[in-house]
Q: 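Once you've had a glance at the structure underneath, I'll fire off some questions.
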Amino acid sequence: MERKMYSEELAGIKRLTMDMGQKTVEAVKLAAQSLITNNQELATQARALEKEVDEMYRQIDDRCIVSIATQQPMAGDLRFLVSTLKIATEIERIADYANNIAKMVQRKFAQEDMSPIESMKASVDIMAREAVSMLREALDAYEKNDPELATLVPKRDALVNRLNKDLFRNILAMATVKQYANELAMDFHTAIRYIERVADRSGNIAEYVYYAATGFRFPDNTKK
């Protein structure tokens with residue numbers, strides 16, 4: 001493959017990965033809103049996007065492996081391809097979380113009385129928005145190959161973790177007082193945990209971006 005064609009292939013892989021990321025951003029947004037509003041249609045839309053993301057992931061995986069096998073890339077190109085493989089895996093798993101939340105809305109919350117967790121929805125909304133924002137920022141760093149921007153992503157995880165802990169305490173308190181809602185409490189906590197994992201994996205994406213751009217791992221103080 002000529003160098004120009006090879007460069008175009010690398011650019012095409014990046015575009016496809018970005019498209020996959022943007023669909024995943026939308027899937028997480030829809031899934032979170034379906035959870036907050038118990039909206040079945042939003043859940044259906046989130047699940048449809050997850051299927052598209054799965055297909056894009058397979059394409060990225062195939063193209064990266066073919067490029068590595070046939071072009072024997074060196075230095076920056078090799079780091080880009082290896083990191084993109086890992087980033088695509090992280091994005092695919094984030095889309096899985098969105099799908100899992102949406103399935104819970106459709107199969108569990110649609111049949112449950114959601115009033116016991118009504119007061120927690122505002123915190124869930126903030127938590128989801130922050131997790132989505134982290135994912136967007138990680139993708140922006142990938143698109144720009146910007147290591148400095150990548151280092152900012154995990155620093156935002158503290159807010160998501162704090163909200164997750166606060167919500168867990170509130171869920172436990174609610175379940176203690178309203179024992180009839182124990183199943184709801186467990187299901188709701190699981191859904192919130194998926195949102196927390198979106199933030200964690202966004203941090204992972206940022207780490208791979210940093211490595212692709214610099215050849216080094218994150219500095220030790222990045223997550224402090």
Q: Which heavy atom of D187 sits nearest a heavy atom of M104, and at what distance?
A: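 Heavy atoms of D187 and M104 come nearest at O-CE, 3.0 Å.
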
Q: Step by step, work out the side-chain hydrogen bond (donor to acceptor under 3.5 Å, both in side chains) result for S34 and Q40.
A: CA-CA 7 Å; S34 75; Q40 306 301 301; over 6 Å; no

Q: Please determine if E50 and K23 form a salt bridge, counting it only when a charged side-chain N lies under 4.0 Å from a carboxylate O.
A: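 Looking at E50 and K23, the cut-off is not met.
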
Q: Heavy-atom distance under 4.5 Å between the side chains of M120 and F188, does that happen here?
A: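 Result yes, sub-4.5 Å side-chain heavy-atom pair found.
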
Q: Roughly how far apart are Q106 CD and I101 CD1, rounded to 0.5 Å?
A: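 Separation between the atoms: 12.5 Å.
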
Q: Please tell me if the side chains of S202 and I94 come closer than 4.5 Å, counting only heavy atoms from C-beta onward.
A: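 The answer is yes, as the side chains (C-beta and beyond) meet within the 4.5 Å cut-off.
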
Q: I'd like to check I192 versus I171 (side-chain heavy atoms, cut-off strictly below 4.5 Å). Are they in contact?
A: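 Contact flag for I192/I171 side chains = yes.
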
Q: If the threshold is 4.0 Å, N to carboxylate O, is there a salt bridge linking K121 and D125?
A: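 No, K121 and D125 are not salt-bridged.
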
Q: Inspect the contact between R58 and D54 and indicate whether a charged nitrogen and a carboxylate oxygen are less than 4.0 angstrom apart.
A: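 So D54 does not pair with R58 through a salt bridge.
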
Q: Check whether any side-chain heavy atom of F216 lies under 4.5 Å from a side-chain heavy atom of P147, and answer yes or no.
A: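 They are not in contact (no side-chain heavy atoms under 4.5 Å apart), so the answer is no.
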
Q: Would R15 and D19 pass as an ion pair if we require N to O under 4.0 Å?
A: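 Judged by the 4.0 Å cut-off on N to carboxylate O distance, R15 and D19 do not form a salt bridge.
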
Q: Quick one, E26 with Q22, criterion side-chain hydrogen bond (donor to acceptor under 3.5 Å, both in side chains). Give me CA distance, side-chain angles, the key distance, then yes/no.
A: CA-CA 6 Å; E26 190 62 23; Q22 295 305 327; over 6 Å; no

Q: Is any NZ, NE, NH1 or NH2 atom of the basic residue among R63 and E9 found under 4.0 Å from an Asp or Glu carboxylate oxygen of the other?
A: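 Salt bridge: yes.
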
Q: Could you give me the CA-CA distance, side-chain angles and deciding distance for T84 and Y208, then say whether side-chain hydrogen bond (donor to acceptor under 3.5 Å, both in side chains) is met?
A: CA-CA 8 Å; T84 295; Y208 295 133; over 6 Å; no

Q: Test side chain to side chain contact (heavy atoms under 4.5 Å, CB included) on L35 and I195; report intermediate values, then the result.
A: CA-CA 11 Å; L35 174 65; I195 296 173; 4.2 Å; yes

Q: Which heavy atom in I87 sits nearest to a heavy atom in Y142, and how many Å separate them?
A: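 Closest approach of I87 to Y142: CD1-CD1, 3.6 Å.
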
Q: Inspect the surroundings of CD in E55 and state if more than 12 heavy atoms from other residues, nucleotides or ligands are less than 6.0 Å away.
A: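 Yes, the 6.0 Å shell around CD holds more than 12 heavy atoms from other groups.
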
Q: If you take all heavy atoms of N38 and A110, which pair is closest and at what distance?
A: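 That would be OD1-N, 3.8 Å.
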
Q: Please give me the minimum heavy-atom distance between S133 and R156, naming the atom from each residue.
A: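 Shortest heavy-atom contact: OG-NH2, 2.7 Å.
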
Q: Evaluate side chain to side chain contact (heavy atoms under 4.5 Å, CB included) for R162 paired with L159, printing each intermediate quantity in order.
A: CA-CA 5 Å; R162 179 173 61 78; L159 174 58; 2.9 Å; yes

Q: Test side chain to side chain contact (heavy atoms under 4.5 Å, CB included) on I68 and L85; report intermediate values, then the result.
A: CA-CA 11 Å; I68 292 171; L85 279 170; 4.1 Å; yes

Q: Where is the tightest heavy-atom contact between P116 and Y180, given as atom of each residue plus distance?
A: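 Minimum heavy-atom contact is CG-OH, 3.8 Å.
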
Q: Run the side chain to side chain contact (heavy atoms under 4.5 Å, CB included) test on T24 and L49 for me, step by step, so that the C-alpha distance in whole Å, both residues' side-chain angles and the decisive distance to 0.1 Å come before the verdict.
A: CA-CA 7 Å; T24 299; L49 282 171; over 6 Å; no

Q: Does atom CD (Q179) have a neighbourhood of more than 12 heavy atoms from anything else shown, all under 6.0 Å?
A: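 No, because the 6.0 Å sphere around CD of Q179 holds 12 heavy atoms or fewer from other groups.
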
Q: Does D200 form a salt bridge (charged side-chain N to carboxylate O under 4.0 Å, His left out) with R197? I'd like the steps, not just the answer.
A: CA-CA 5 Å; D200 286 345; R197 292 297 292 147; 2.9 Å; yes

Q: Would the distance check show the side chain of R201 and the main-chain N or O of R93 forming a donor-acceptor pair, the cut-off being under 3.5 Å?
A: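 No.
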
Q: Do you reckon V209 sits in the same ILVMFWY cluster as L16, going by side-chain contacts under 4.5 Å, direct or chained?
A: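 V209 clusters together with L16.
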
Q: State, yes or no, whether a side-chain contact exists between M20 and E92 at a heavy-atom distance under 4.5 Å.
A: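 Yes - at least one pair of side-chain heavy atoms lies under 4.5 Å apart.
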
Q: Any link between V105 and L30 through a network of hydrophobic side chains (Ile, Leu, Val, Met, Phe, Trp, Tyr) touching at under 4.5 Å?
A: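 Per the 4.5 Å side-chain linkage, V105 and L30 are not co-clustered.
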
Q: Would the number of heavy atoms belonging to other residues, nucleotides or ligands and lying under 6.0 Å from NZ of K108 be above 12?
A: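 Counting other residues, nucleotides and ligands, NZ of K108 stays at 12 neighbours or fewer.
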
Q: When you group the ILVMFWY residues by side-chain heavy-atom contacts below 4.5 Å and let the links chain together, are I126 and V198 in the same group?
A: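 Yes, because V198 and I126 connect within a single hydrophobic cluster, where side-chain heavy atoms sit under 4.5 Å apart.
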
Q: Measure the spacing between CD1 of I205 and NZ of K86 and express it to the nearest 0.5 Å.
A: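 The distance works out to 13.5 Å.
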
Q: Would the distance check show the side chain of N39 and the main-chain N or O of Q33 forming a donor-acceptor pair, the cut-off being under 3.5 Å?
A: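 Not at all, since once roles are kept as given, no pair shorter than 3.5 Å links the two residues.
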
Q: Do the side chains of L167 and L172 join up, straight or via other hydrophobic residues, at under 4.5 Å, putting them in one cluster?
A: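 No: no chain of side-chain contacts under 4.5 Å links L167 to L172.
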
Q: Strictly distance-based, threshold 3.5 Å: is any side-chain N or O of T151 a donor or acceptor partner for the main-chain N or O of E148?
A: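 Yes, the answer is positive, given that a donor and an acceptor are paired below the 3.5 Å cut-off.
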
Q: Hey, what do you get for CG (D140) to CG (L152), rounding to the nearest 0.5 Å?
A: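 That separation rounds to 10.5 Å.
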
Q: Roughly how far apart are L184 CG and M186 CE, rounded to 0.5 Å?
A: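 Output value for this atom pair is 9.5 Å.
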
Q: For a quick test of reading the model, state the closest non-hydrogen atom pair linking A31 to A46 and the distance between them.
A: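 Smallest interatomic distance, heavy atoms only, reads N-CB, 3.9 Å.
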
Q: Hydrophobic clustering (ILVMFWY, side-chain heavy atoms < 4.5 Å, transitive) - are V66 and I60 grouped together?
A: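 No, no single cluster joins them.
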
Q: Say you draw a straight line from CD of E196 to NE2 of H189; how long is it, rounded to the nearest 0.5 Å?
A: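 Result: 9.0 Å between the selected atoms.
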
Q: Hey, does the Lys NZ or Arg CZ of R217 hover above the aromatic six-ring of Y210, less than 6.0 Å from the centre and inside 45° of the axis?
A: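 No; the conditions do not both hold, so R217 does not lie above the ring face of Y210.
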
Q: What's the separation between atom CG in N100 and atom OH in Y194, rounded to the nearest 0.5 Å?
A: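 Rounded to the nearest 0.5 Å, the CG-OH separation comes to 4.0 Å.
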
